[in-house]
Amino acid sequence: MTSANNGSKKGVIFSGMRPTGLLHLGNYIGALQNWVELQDDYDCIYCAVDIHALTTVESQADAAAIQSNIEDMILDWLAAGLDPERSIIFVQSHVPEVMTLHTLLSMVTPLGWLTRVPTFKEKVRQMDETEETVNYGLVGYPVLQTADIILYKADTVPVGRDQVPHIELSREIARRFNNFFGDTFPEPQAKLTESPLLVGLDGQAKMSKTLDNHLDLAASREDTAKRIMTAFTDPQRTTRSIPGRPEVCNVYSMHKMFSPPTAIGPIYDECVTATRGCVDCKRQLAGSINDFLEPMRERRRKFESRPSYVREILEDGGNRARAIAIRTIEEVYEKMGLAQH
């Protein structure tokens, strides 16, 4: 089997994100930071999955926003450290072969496999639909996701623990195709990302745009500080004179992630002795997070000053990805006995 692996790396990584626009700190801690590090050891392919985004659009305006969202997201990728010289960075729809493979894989994928996926049922509930009215694209989402991965003969997919069942389904689809038509695809392996959970400003759930409890990577220092001042702290500390409980305070948990190690002890001690107030604690956290994000923001400003840069990267990445995809589809056509064009 041919693949994107040049032989000097551990394997081929594929991962993608839906283009929802500006990324937030949770996206960075949960995925993007790991993507950057993987470039050292793997041949990496990173994709803005705009076709996947169409499964949940409800209007033409939603669809029209995808393109500008892609540019914002790619700027954040580059600012975080994804390197187009070391990774293939492209847009899903720029490689139409993925839709061809999606169709062909659907011929060997039992419907029951798809309707049993827990996230499918959850998405149906979120969209206020039923399994009878939901669009086919959402049902077939795992098949397209599998096509994304194996089209490039990727053997490794970085995911959190909650995404492991998705990769197992991709393995089953690839295995079923191989059983039908001969050894063609690697069975992708999940590579667990042991990133700490970043709880949002509400202190209740992980950071999310949907819940509006997030901090954008590209926000100004002022906007970041303003949002951090809204963060929930220890609910029992209603006045400054009441000793705090850092172990239940989300602001303290973020200090441990973003403030200098030498600052953590004093923050804890001053909280539990009520010599530090929550407002002061938030102000210090805002400074730490802004210092953490400033190098990324500076790189983003540099890339933004070159209006055509993102388009050039995506065009080059699309060409490189498509060269791999064309070879894969030629092999698939041959294995399935389809006429070559």
Side-chain angles (χ1 to χ4, degrees), residues 13-40 42-53 61-95 158 195 198 201 207-209 212 214-229 257-258 285-323:
I13 288 278
F14 179 93
S15 197
M17 284 187 191
R18 290 165 63 106
T20 57
L22 294 170
L23 299 183
H24 55 72
L25 195 55
N27 298 134
Y28 178 78
I29 296 298
L32 197 48
Q33 179 177 238
N34 187 51
W35 286 13
V36 172
E37 294 171 354
L38 289 170
Q39 294 177 119
D40 294 333
Y42 291 83
D43 290 310
C44 294
I45 303 172
Y46 296 125
C47 180
V49 290
D50 56 340
I51 305 171
H52 282 299
D62 289 345
I66 291 175
Q67 187 56 48
S68 61
N69 286 346
I70 288 172
E71 184 157 341
D72 274 333
M73 185 175 74
I74 299 300
L75 281 169
D76 282 334
W77 286 7
L78 298 172
L82 289 192
D83 182 355
E85 296 297 322
R86 294 194 291 159
S87 297
I88 295 176
I89 300 172
F90 74 108
V91 177
Q92 185 184 27
S93 64
H94 292 184
V95 182
S195 302
L198 185 59
L201 298 176
M207 197 166 280
S208 161
K209 279 190 193 178
D212 193 29
H214 63 292
L215 295 167
D216 285 335
L217 298 176
S220 68
R221 294 183 72 92
E222 294 74 20
D223 285 346
T224 298
K226 187 181 298 185
R227 286 188 66 83
I228 289 174
M229 295 308 292
M257 296 176 69
F258 300 108
L285 176 63
S288 295
I289 289 179
N290 275 321
D291 290 346
F292 176 82
L293 292 175
E294 186 53 37
M296 277 188 267
R297 291 168 174 167
E298 178 58 34
R299 288 192 293 270
R300 197 181 203 279
R301 288 191 287 269
K302 181 183 70 173
F303 296 133
E304 284 179 311
S305 69
R306 301 167 59 186
S308 64
Y309 186 57
V310 168
R311 290 192 296 274
E312 291 168 1
I313 286 172
L314 295 178
E315 181 179 1
D316 178 67
N319 290 337
R320 292 162 64 193
R322 195 167 187 206

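We number each residue from 1, following the sequence as shown. None of the values given here were measured: they were computed from a predicted structure.
- Taking CG from Leu32 and CD from Glu37, the interatomic distance works out to 10.5 Å, rounded to the nearest 0.5 Å.
- Note that CZ of Arg306 is 11.0 Å distant from CG of Leu75, once rounded to the nearest 0.5 Å.
- Contact record, Val91 with Asp50: CG1-OD2, 3.3 Å, taken as the closest heavy-atom pair.
- Of all the heavy atoms in Leu23 and Asp76, the pair that sits closest is N-OD2, 2.8 Å.
- With contacts defined as side-chain heavy-atom distances shorter than 4.5 Å, the pair Asp316/Pro84 does not qualify.
- Note that CZ of Arg320 is 8.0 Å distant from OG of Ser87, once rounded to the nearest 0.5 Å.
- Remark: side-chain polar atoms of Arg297 are paired, donor with acceptor, to backbone N or O of Leu217 under 3.5 angstrom.
- The shortest non-hydrogen separation linking Leu215 to Arg227 is CD2-CB, 3.8 Å.
- Across Ser220 and Asn290, no two heavy atoms sit closer than the pair O-OD1, 4.3 Å.
- Not a single donor-acceptor pair under 3.5 Å links the side chain of Lys209 to the backbone N or O of His24.
- When each of Phe14, Tyr42, Tyr28, Trp77 is checked for a ring-ring contact (aromatic ring centres under 6.0 Å, His included) with Trp35, only Trp77 meets the rule.
- Surrounding CD of Glu312 are more than 12 heavy atoms belonging to other residues, nucleotides or ligands, all under 6.0 Å away.
- Taking 4.5 Å as the limit, every side-chain heavy atom of Met229 sits out of range of all side-chain heavy atoms of Leu285.
- Taking CD1 of Ile74 as the start and CD1 of Ile313 as the end, the distance is 8.0 Å to the nearest 0.5 Å.
- Shown here for Ala80 and Val36, the closest heavy-atom pair between the two residues is O-CG2, 3.5 Å.
- Taken from CG in Asn69 to CE in Met17, the straight-line distance is 13.5 Å, to the nearest 0.5 Å.
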*Between Arg301 and Glu304, is a salt bridge (charged side-chain N to carboxylate O under 4.0 Å, His left out) present by the stated rule, with each step listed?*
CA-CA 5 Å; Arg301 288 191 287 269; Glu304 284 179 311; over 6 Å; no
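- Nearest heavy atom pair, residue Glu85 against residue Asp83, reads N-OD1, 2.9 Å.
- Side-chain atoms of Ile45 and Phe90, non-hydrogen and from C-beta on, do get closer than 4.5 Å to each other.
- In this structure, the side chain of Arg18 engages the main chain of His52 through a donor-acceptor pair within 3.5 Å.
- The shortest distance between side-chain heavy atoms of Arg300 and Asp72 falls below 4.5 Å.
- Expressed to the nearest 0.5 Å, how far CG of Asn27 lies from CE of Met73 amounts to 9.5 Å.
- With contacts defined as side-chain heavy-atom distances shorter than 4.5 Å, the pair Ile88/Asp43 does not qualify.
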*Taking it one step at a time, do Ile13 and Tyr46 satisfy side chain to side chain contact (heavy atoms under 4.5 Å, CB included)?*
CA-CA 8 Å; Ile13 288 278; Tyr46 296 125; 4.0 Å; yes
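- By the 4.5 Å heavy-atom criterion applied to side chains, Asp216 and Asp223 are not counted as neighbours.
- Between Leu82 and Gln39 the shortest side-chain heavy-atom distance falls below 4.5 Å.
- For CD of Glu315, the number of neighbouring non-hydrogen atoms (other residues, nucleotides, ligands) closer than 6.0 Å is 12 at most.
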